[in-house]
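Note sheet for the following structure.
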2 protein chains.
Amino acid sequence: MRDVTSPPASTPRTARALAREAITHEILAAARARLAEDGPAALSLRAVARDVGMVSSAVYRYVENRDALLTALIVECYDELGAAVEDAEAAVADRADVTSRWLAACRAVRTWSVTHPGEFRLLYGTPVPGYAAPPDTIDPATRLVLVLVAVVADAHDDGAVPPLSPTAQGDLTELVAGARDFVAARGLIEDAPPELVVRTLMAWTTVLGTVSFEMFGHLANTVSDPEAWFDVVALRLAADLGIGL
Amino acid sequence: MRDVTSPPASTPRTARALAREAITHEILAAARARLAEDGPAALSLRAVARDVGMVSSAVYRYVENRDALLTALIVECYDELGAAVEDAEAAVADRADVTSRWLAACRAVRTWSVTHPGEFRLLYGTPVPGYAAPPDTIDPATRLVLVLVAVVADAHDDGAVPPLSPTAQGDLTELVAGARDFVAARGLIEDAPPELVVRTLMAWTTVLGTVSFEMFGHLANTVSDPEAWFDVVALRLAADLGIGL
DNA sequence: TCTCTTCCGTGAGCAGTGCTCTTGCTTTGC
DNA sequence: GCAAAGCAAGAGCACTGCTCACGGAAGAGA
């Protein structure tokens, strides 16, 4: 019984390949479970091997080494987080209400992070000592940022964004040229005002900084309710971006 | 030859105790050197033992365990960073120029971080898996924040801070009560406006977030000159706080 | 159906880790 | 001068990432 939907030449989906894929998936799942408990740096390949009922060396049939396992996890997590933010933002019915869309996206970032502390550490915590993230990870990583930028871009197109009190200091245009090319290449804003780019970058920094502070305990004894605090921050950032209130 | 300056009863500064102190210091120094290379999670007690020319078990005479070593390093680094920021801020001659004082303090944060990447990871990166920072560390950690708050407080006392466009959303007062008590207890601002506290907290989050982004490589291909970018961010935060331009 | 190749799991092994414990030596205090 | 205390060494335990030779199983081609 042949599978006509997928050509066997390009992807020979034999039973063997399927089993291999399933086991690889099982290994990744076990690794993510371990991740939540001990953190990325302490991720033990032997431990995940035990969890899936294998001997440690057998895992190397499926995963090249520990770094490759980390990379796979990073890509998976970035994608999951990106999807969560995309869904949350897309769920806002009133597309003209950019403030709600911004808040929904930001909240989704925090919600996912709080419910996935181990994964958050992997993505936005200290890089694992000997590990250097390969280029494969930067594309999934941008997915989340694109949602935020898209909201800002929409608000900008509507003309709802007031002039952003430009502080004259050198050529901002050149400084954030990379970021402007980034959004331009994705067809979001053709010729973004540097002011807007700077504000958006700062906002994204503050969003992630706020979540990091909460996750890593730097907010203890300072703010009573982290969730409410995050909302305050997110709304103020929206106001700073000219898309709030 | 007795040392009259220090009473021998409370601190018996014998030659032995001095030698012990010196070796402990040497161990800490070696650990910090290792820190810069491999990061906190990979800090190997055996490696620092080799560096100081000891066998691994010998260091346990001076350091209780790896966590205690980390704690000592954290306290040391927080103090060093705090001192660096204090000095930089104090070096601004014109005390009325709050903007320059703010910028100097912020710049000192970044400069220290960039020149001490390993230590920065230790302080503001992912907490080491099995390690929980003891209460001894929170006091040194606040030292740096106090400098920033003091600048804001001075600006506030001068009355130079304009009304901060309050976005009405629940009772901010209760939300940031911890932070307000914090500054009040240190005699900085007696009855700080919640608006100001919120802004200052956000600014501090953004400052550290910006440095973290740079240090952990999340700013790659986005901003051409991290140092110039940091200045832009810091100055804009000052403007948001009402102490800039 | 038979063979041959490819794949997979096992277990031993190497070098490294944190940490404990015993042993012997040196230094200190009386 | 001697007992006590402190110190460095080394063996040892359980753990880590990773490699490699081995035997078995499963699929592919004839």
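Residue numbers start from 1 in every chain, and the chains themselves are labelled A, B, ... in the order their sequence lines are given, proteins ahead of strands. These values consider heavy atoms only, across backbone and side chains, with no hydrogens, waters or symmetry-generated copies.
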Integer-rounded Å distance: [N] [atom2] and [X] [atom1]:
| X | N | atom1 | atom2 | answer |
| --- | --- | --- | --- | --- |
| A/R66 | D/dC18 | CZ | P | 7 Å |
| A/L45 | D/dC18 | CG | C1' | 9 Å |
| A/D67 | D/dG17 | CG | C1' | 10 Å |
| B/L18 | C/dT28 | CG | C1' | 14 Å |
| A/E26 | C/dC8 | CD | P | 14 Å |
| A/Y60 | C/dC14 | OH | C1' | 13 Å |
| A/I27 | C/dG9 | CD1 | P | 8 Å |

Exercise. So, do B/R110 and B/T210 sit near enough that their side-chain heavy atoms are less than 4.5 Å apart?
Worked result: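 Counting from C-beta outward, B/R110 and B/T210 never come under 4.5 Å.
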
For this session: Compare all side-chain heavy atoms of B/V211 with those of B/Y124 and state whether any distance is below 4.5 angstrom.
Result: no

Exercise. Quick check: are there more than 12 heavy atoms from other residues, nucleotides or ligands sitting under 6.0 Å from CG of A/N221?
Worked result: no

Exercise. Can B/R143 and B/D87 be counted as an ion pair, charged N to O under 4.0 angstrom?
Worked result: no

For this session: Could you tell me whether A/D51 and A/R32 make a salt bridge, using a distance below 4.0 angstrom between a side-chain N and a carboxylate O?
Result: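 Between A/R32 and A/D51 there is no salt bridge, as every charged N stays at least 4.0 Å from the carboxylate O atoms.
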
Exercise. What nucleic acid atoms does A/L43 come within less than 4.0 Å of, heavy atoms only: base, sugar-phosphate, or nothing?
Worked result: sugar-phosphate

Nucleotides 13-15 of chain D: which of its N/O atoms have a protein N/O under 3.5 Å away?
none

Exercise. Side chain of A/W102, backbone of A/V152: donor and acceptor closer than 3.5 Å?
Worked result: no

Are there any protein N/O atoms within less than 3.5 Å of an N/O atom in nucleotides 6-9 of chain D, and if so, which ones and at what distance?
unit_1	atom_1	unit_2	atom_2	d
D/dG6	O4'	B/R16	NH2	2.9
D/dC7	OP1	B/R20	NH1	3.3
D/dC7	OP2	B/R20	NH1	2.9
D/dA8	OP1	B/Y62	OH	3.2
D/dA8	OP2	B/Y62	OH	2.9
D/dA8	N7	B/R61	NE	3.4
D/dA8	N6	B/R61	NH2	2.7
D/dA9	OP2	B/V55	N	3.2
D/dA9	N7	B/S57	OG	3.3

Exercise. How close do A/V63 and A/I27 get, heavy atom to heavy atom, and via which atoms?
Worked result: CG2-CG2, 4.3 Å

Exercise. If you round to the nearest 0.5 Å, how far is CG of B/L122 from OG1 of B/T71?
Worked result: 9.0 Å

Show every donor-acceptor pair shorter than 3.5 Å between a side-chain atom in residues 52-60 of chain B and any protein atom, with sequence neighbours excluded, or say none if there are none.
none

